[in-house]
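Below: the structure, in structure tokens.
Letters A, B, ... are given to chains in the order of the sequence lines, protein chains preceding strands, and every chain is numbered from 1. Note: hydrogens, waters and symmetry copies are ignored here, and every other heavy atom, side chains too, is used.
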Amino acid sequence: NAGVTQTPKFQVLKTGQSMTLQCAQDMNHNSMYWYRQDPGMGLRLIYYSASEGTTDKGEVPNGYNVSRLNKREFSLRLESAAPSQTSVYFCASSEGPYNEQFFGPGTRLTVL
Amino acid sequence: KNQVEQSPQSLIILEGKNCTLQCNYTVSPFSNLRWYKQDTGRGPVSLTIMTFSENTKSNGRYTATLDADTKQSSLHITASQLSDSASYICVVSLLTGTASKLTFGTGTRLQVTL
């Protein structure tokens, strides 16, 4: 089992460019999440999907969109990247919303 | 405002020594408290999860305690090893209607040296 995988590992964008971060899990989990981690701050929830077919905003959703493509995959899209979106992005999954979350290795994004 | 505060921010200890990390929280209503280990450049990995009715939980050399009355938790690491060098993050789950909401602390960065 690979667990939670994320692509790409690193990305540099210019302001205004768009990109999609990909996440997949092979644990048959129902719930998936996108977080960002910034220096000196705890992880913050961007969006989550409690189950296939549903998505909801988290604490910091502005500037992002998500798609729960199927049970395995949950993507995060930046339509027009801004320097404030420079961060490390983590995808996570769990069997249910109250269960242990398993995190991917992260994507380090820099927006110039 | 729901908050999770951890102390110390960073800690350096000698290999083989014990250490205790602290976590205070104001999250309410409380569902569970989790400790994660995050190695540099990696995603967090769960160490323990405790509900409000549990006072202590162990995972090998890691022992977490919880006092729901004072809203404090600690993570004790016994006989530290170089591989314990990492950030340790306290996470409190808020009980909500359809999904849990996690509040993350900023972590304690532990360095174990020879």
* B:Tyr36 ring center within less than 6.0 Å of A:Phe103 ring center ->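 Under 6.0 Å, so yes.
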* Asked: Does the ring center of B:Phe104 lie less than 6.0 Å from the ring center of A:Tyr35?
  ->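 They qualify: ring centres under 6.0 Å apart.
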* Carboxylate-amine/guanidinium proximity below 4.0 Å for A:Arg77 and A:Glu79 ->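 A:Glu79 and A:Arg77: salt-bridged.
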* Asked: Is there a donor in the side chain of A:Ser87 and an acceptor in the side chain of A:Asp38, or the other way round, less than 3.5 Å apart?
  ->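 Yes, side-chain donor-acceptor contact under 3.5 Å.
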* Asked: Top residue by heavy-atom pair count (under 4.5 Å) with chain B, among A:Glu59, A:Gln37, A:Lys9?
  ->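 Option with the top pair count is A:Gln37.
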* Under 4.5 Å from any heavy atom of chain B - which part of A:Phe102 ->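 Neither the backbone nor the side chain of A:Phe102 comes within 4.5 Å of chain B.
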* Side chain / backbone / both / neither for B:Asp39 at chain A, heavy atoms under 4.5 Å ->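 Neither part; nothing is under 4.5 Å.
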* Atom group of B:Gln9 that falls short of 4.5 Å from chain A, counting heavy atoms ->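 When you check distances to chain A, no heavy atom of B:Gln9 falls under 4.5 Å.
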